[in-house]
2 protein chains.
Amino acid sequence: MEPSPLAPIRRAERRGLADEAADRVREAIFTGLFQPGGALREVELAASLGVSRGAVREGLAVLAREGLVQSEWHRGTRVTEVTAPDVEEVYAVRAALERVAARAAAERSGAFEWDDLDRLVDTMAAEIARGADVTRLLALDVEFHDRIYRLSGNRRLLDAWLAIRSQVHLFLLTRVRLGHEQYRGIVVDEHRELVALLRVKDLTTLERVAEEHVRSAGRVLAEQLADGR
Amino acid sequence: MEPSPLAPIRRAERRGLADEAADRVREAIFTGLFQPGGALREVELAASLGVSRGAVREGLAVLAREGLVQSEWHRGTRVTEVTAPDVEEVYAVRAALERVAARAAAERSGAFEWDDLDRLVDTMAAEIARGADVTRLLALDVEFHDRIYRLSGNRRLLDAWLAIRSQVHLFLLTRVRLGHEQYRGIVVDEHRELVALLRVKDLTTLERVAEEHVRSAGRVLAEQLADGR
DNA sequence: CCATGTCCTAATGTTGACATTGACTAGCGG
DNA sequence: CCGCTAGTCAATGTCAACATTAGGACATGG
């Protein structure tokens, strides 16, 4: 089990500049500073981050593995552009992972963790009520799923999720740019349903719903994307 | 569809030294040159590969993402050691992926591709008959699954597989070291069954069998590992 | 006017030197 | 004799200079 709800003390890991650089660039992409399709020049980044090109280079390699950027030999790195087939691919993988994660989480965790998730959903509802920025909602949405993968207790499963998480985040970002009213309307209910199923431990139904939850989101997204362009 | 069986002309991609280095080290691990737990020193590798430390470093980062090696801040890189819980984790993820991959492959491909897979299984049988090295069998086994993921047409699914493939390979390697008679006996039959199901396009059964196929392999492996130590 | 070949430039790919870190060992004090 | 501390060293983390490449501008020939 996790050490404690308060003071989630975790190894004060010393990280290299490469990871730091990766985080900064990732953040910049999510806040919209770098547009999809935009070039990321190593020298520019190195200058603005105040580190050497080597560190930036290593960081970009990390982001490339996350699918957030794409690099070509001697042609540089640019922010991945989201297309409908991309969404289908990523969400097919995500649906498979979420299915397993939900089941594993349900089997391992107890009331305490579900309450925790409930509070997170409450926060989402509250943020909607006070009309907060949609990017804030997105972060909460992603965090919700983060927690489920963590609760699964499967490190590799979490890694697989982290490998596509950034792309999912990017997709959601694109989605809300196209029109986010629909999203606001259903986000809370859908997540509440998931928590309820996790709590009840109806594993078969849970597997099905978790998978379908992702699939339907993927469909909506793919449609919006197809219409939008 | 693929361009042609002969002359599979594909973009002549020029790769950097880093990828080259990663391949060489990976190969060295699979052939047993570097034992699990063994340290991989950047300077040594750089010297023996004839490239600079930077390239080696980048290559090791790739292998780290594959879970084949583990790096710690300022403490170096070493070959991952296989433990029973690791197997469970990886195989839980693999089972989920294989399920999706098998279904997608069945939906997209036709007789031509199944014949291709059949030939691969024939090769496996032939290699067993002439008493070939077990590592050779392993390579064929892994390639079989590689092809299914390729046939799925889902790039992200393939990537997710590639992210754990090396670990699976490492596990199999450990398995045959512990005793490979059993493996020789069932490998061919199991894969023949899969091809048959793919061909028939019985999607529901296929999903179940593909998943179970992986799960059972994982169980066997976990048991052997638990006994072995 | 178009196709082809050449040169130039701006970016990435690669490298070896330098800075920093963590483990080990010897010396000291209790 | 044991525990602690400081010094040493070998390894990794970081950096800036150099080499290589892709793509476009330009000129040339058909």
Side-chain angles (χ1 to χ4, degrees), chain A residues 9-29 33-81, chain B residues 9-29 33-81:
Chain A
I9 194 169
R10 57 185 165 189
R11 172 170 188 156
E13 60 185 82
R14 316 193 63 163
R15 314 177 323 147
L17 286 183
D19 292 313
E20 205 72 38
D23 287 347
R24 303 290 266 292
V25 174
R26 192 189 296 113
E27 193 185 335
I29 292 175
L33 187 59
F34 298 121
Q35 299 279 335
L40 298 174
R41 265 172 286 275
E42 295 181 356
V43 278
E44 283 182 15
L45 293 175
S48 55
L49 290 178
V51 300
S52 86
R53 266 187 57 214
V56 171
R57 192 181 168 70
E58 226 170 305
L60 288 179
V62 173
L63 298 183
R65 280 258 159 178
E66 292 178 8
L68 200 62
V69 305
Q70 291 174 327
S71 298
E72 276 182 288
W73 211 76
H74 256 297
R75 294 198 49 193
T77 303
R78 45 189 61 237
V79 182
T80 301
E81 283 184 283
Chain B
I9 193 169
R10 57 185 165 190
R11 176 170 183 156
E13 61 185 83
R14 317 191 62 167
R15 315 179 322 147
L17 286 182
D19 292 314
E20 205 72 39
D23 288 348
R24 303 289 268 291
V25 175
R26 192 187 297 111
E27 193 186 333
I29 293 175
L33 188 58
F34 298 121
Q35 299 278 334
L40 299 173
R41 266 172 286 275
E42 295 182 356
V43 278
E44 283 182 14
L45 292 174
S48 54
L49 291 177
V51 299
S52 86
R53 263 189 59 215
V56 171
R57 190 181 168 72
E58 227 170 305
L60 287 179
V62 172
L63 298 184
R65 278 258 158 179
E66 291 178 9
L68 200 61
V69 304
Q70 290 174 327
S71 298
E72 276 182 286
W73 165 257
H74 257 296
R75 294 197 50 194
T77 304
R78 45 189 60 237
V79 182
T80 301
E81 282 184 283

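Chain identifiers are assigned alphabetically (A, B, ...) following the order of the sequence lines, protein sequences preceding nucleic acid strands; residue numbering begins at 1 within each chain. Side chains are part of it too, since the values below use all heavy atoms of this structure and drop only hydrogens, waters and symmetry mates.
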Please state how far atom [atom1] in [X] lies from atom [atom2] in [N], giving the value in whole angstrom units.
X: A:His74; N: D:dT21; atom1: NE2; atom2: P; result: 6 Å
X: B:Arg57; N: C:dG16; atom1: CZ; atom2: P; result: 16 Å
X: A:Glu42; N: C:dG13; atom1: CD; atom2: C1'; result: 8 Å
X: A:Glu58; N: C:dT12; atom1: CD; atom2: P; result: 16 Å
X: B:Glu72; N: C:dG22; atom1: CD; atom2: C1'; result: 11 Å
X: B:Arg53; N: D:dT12; atom1: CZ; atom2: P; result: 6 Å
X: B:Arg75; N: D:dT12; atom1: CZ; atom2: C1'; result: 12 Å

Using 0.5 Å steps for rounding, measure from the [atom1] atom of [X] to the [atom2] atom of [Y].
X: B:Leu45; Y: B:Arg53; atom1: CG; atom2: CZ; value: 11.0 Å
X: B:Leu49; Y: B:Glu20; atom1: CG; atom2: CD; value: 9.5 Å
X: A:Leu33; Y: A:Arg24; atom1: CG; atom2: CZ; value: 12.0 Å
X: B:Arg78; Y: B:Arg41; atom1: CZ; atom2: CZ; value: 8.0 Å
X: B:Glu42; Y: B:Arg57; atom1: CD; atom2: CZ; value: 5.0 Å
X: B:Gln70; Y: B:Arg75; atom1: CD; atom2: CZ; value: 11.5 Å

At 4.0 Å (heavy atoms only), tell me whether [X] reaches a base, stays on the sugar-phosphate, or touches nothing.
X: A:Leu60; value: nothing
X: B:Gly76; value: sugar-phosphate
X: B:Arg41; value: sugar-phosphate

Open item on the list: Could you tell me if the side chain of B:Glu44 sits less than 4.5 Å from the side chain of B:Val56, heavy atoms only?
Closed with: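 No, every pair of side-chain atoms sits at 4.5 Å or beyond.
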Open item on the list: Can you identify which nucleotide, out of D:dT12, D:dT21, D:dC15, has its nearest atom closest to the A:Ala55 side chain?
Closed with: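 Between D:dT12, D:dT21, D:dC15, the one nearest the side chain of A:Ala55 would be D:dC15.
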- [ ] Strictly below 4.0 Å, heavy-atom distances to any atom of DNA chain C: list the hits from residues 17-28 of chain A, or just say none.
- [x]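 Of all residues in residues 17-28 of chain A, none places a heavy atom under 4.0 Å from DNA chain C.
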- [ ] Give a yes or no on whether the backbone of A:Leu40 and the side-chain of A:Thr77 come within a donor-acceptor separation of less than 3.5 Å.
- [x]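 It does not hold such a pair.
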Task: Below 4.0 Å: OP1/OP2 of C:dT12 and any side-chain N or O of A:Trp73 - done: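 No, because none of the side-chain N or O atoms of A:Trp73 sits under 4.0 Å from OP1 or OP2 of C:dT12.
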- [ ] With sequence neighbours left out, write down each residue that passes side-chain hydrogen bond (donor to acceptor under 3.5 Å, both in side chains) with A:Asp23, or none if nothing qualifies.
- [x]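 Residues passing side-chain hydrogen bond (donor to acceptor under 3.5 Å, both in side chains) with A:Asp23: A:Arg15, A:Arg26.
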Task: Contacting residues from residues 45-52 of chain A, given that a heavy atom lies under 4.0 angstrom of DNA chain D - done: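 Those residues are A:Val51, A:Ser52.
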